[in-house]
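Owing to the predicted nature of the structure, the values given are computational and were not obtained by experimental measurement.
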Amino acid sequence: YINLSTWLGLMKEGILSITERVLKLLSKGEYSIHAVSKKLNIHYNSALKSLEFLKRIGLVVENKGKKNYRYERVFSLK
């Protein structure tokens with residue numbers, strides 16, 4: 001359950017703020033896109049865009065994680 005004011009606050013959060021939070025989270029370890037979105041309480045697409053941007057500018061590396069039926073995209077700091 002998330003209250004309306006918190007929900008509206010999350011909607012107004014900019015991509016720069018989200019990217020800063022993603023960097024802070026990745027400083028603690030390696031995370032999948034799904035794990036980043038859940039831990040930071042952001043949309044999957046926002047997490048994906050932020051991680052791909054950080055990868056493009058060379059701050060983050062992408063590895064293949066292990067799943068039972070397919071590989072999982074996992075990101076960590078360089």
Do I57 and I33 share a hydrophobic cluster, counting only Ile, Leu, Val, Met, Phe, Trp and Tyr and linking them when any side-chain heavy atoms are less than 4.5 Å apart?
-> yes
Following the transitive rule for hydrophobic clusters with a side-chain heavy-atom cut-off under 4.5 Å over Ile, Leu, Val, Met, Phe, Trp and Tyr, establish whether F53 and V74 coincide in one cluster.
-> no
Report the residues that fulfil side-chain contact (heavy atoms from CB on, under 4.5 Å) with E52, sequence neighbours left out, ordered by chain and then residue number.
-> L48, R73
Would you say V61 and V22 are hydrophobically clustered, going by side-chain heavy atoms of ILVMFWY under 4.5 Å?
-> no
Answer yes or no: is there a donor N or O on one side and an acceptor on the other, between the side chain of S27 and the main chain of K24, under 3.5 Å?
-> yes
Name all residues meeting the salt bridge (charged side-chain N to carboxylate O under 4.0 Å, His left out) criterion together with K55; count only those two or more places apart in sequence or in a different chain, and write none if there are none.
-> E62
List for me each residue that meets side-chain contact (heavy atoms from CB on, under 4.5 Å) alongside L23, sequence neighbours excluded, and say none if there are none.
-> L54, L59, L77
Could you list the residues that satisfy side chain to side chain donor-acceptor pair (under 3.5 Å) with S37, not counting sequence neighbours?
-> none
Residue pairs passing the salt bridge (charged side-chain N to carboxylate O under 4.0 Å, His left out) test with at least one member in residues 26-46, sequence neighbours excluded, are none
Could you list the residues that satisfy side chain to side chain donor-acceptor pair (under 3.5 Å) with S76, not counting sequence neighbours?
-> none
Out of curiosity, S50 OG to N45 CG, how far, rounded to the nearest 0.5 Å?
-> 12.0 Å
Is any side-chain heavy atom of V36 less than 4.5 Å from a side-chain heavy atom of F75?
-> no
Any sub-3.5 Å donor-acceptor pair from S46's side-chain atoms to I42's backbone N or O?
-> no
Compare all side-chain heavy atoms of L26 with those of L51 and state whether any distance is below 4.5 angstrom.
-> yes
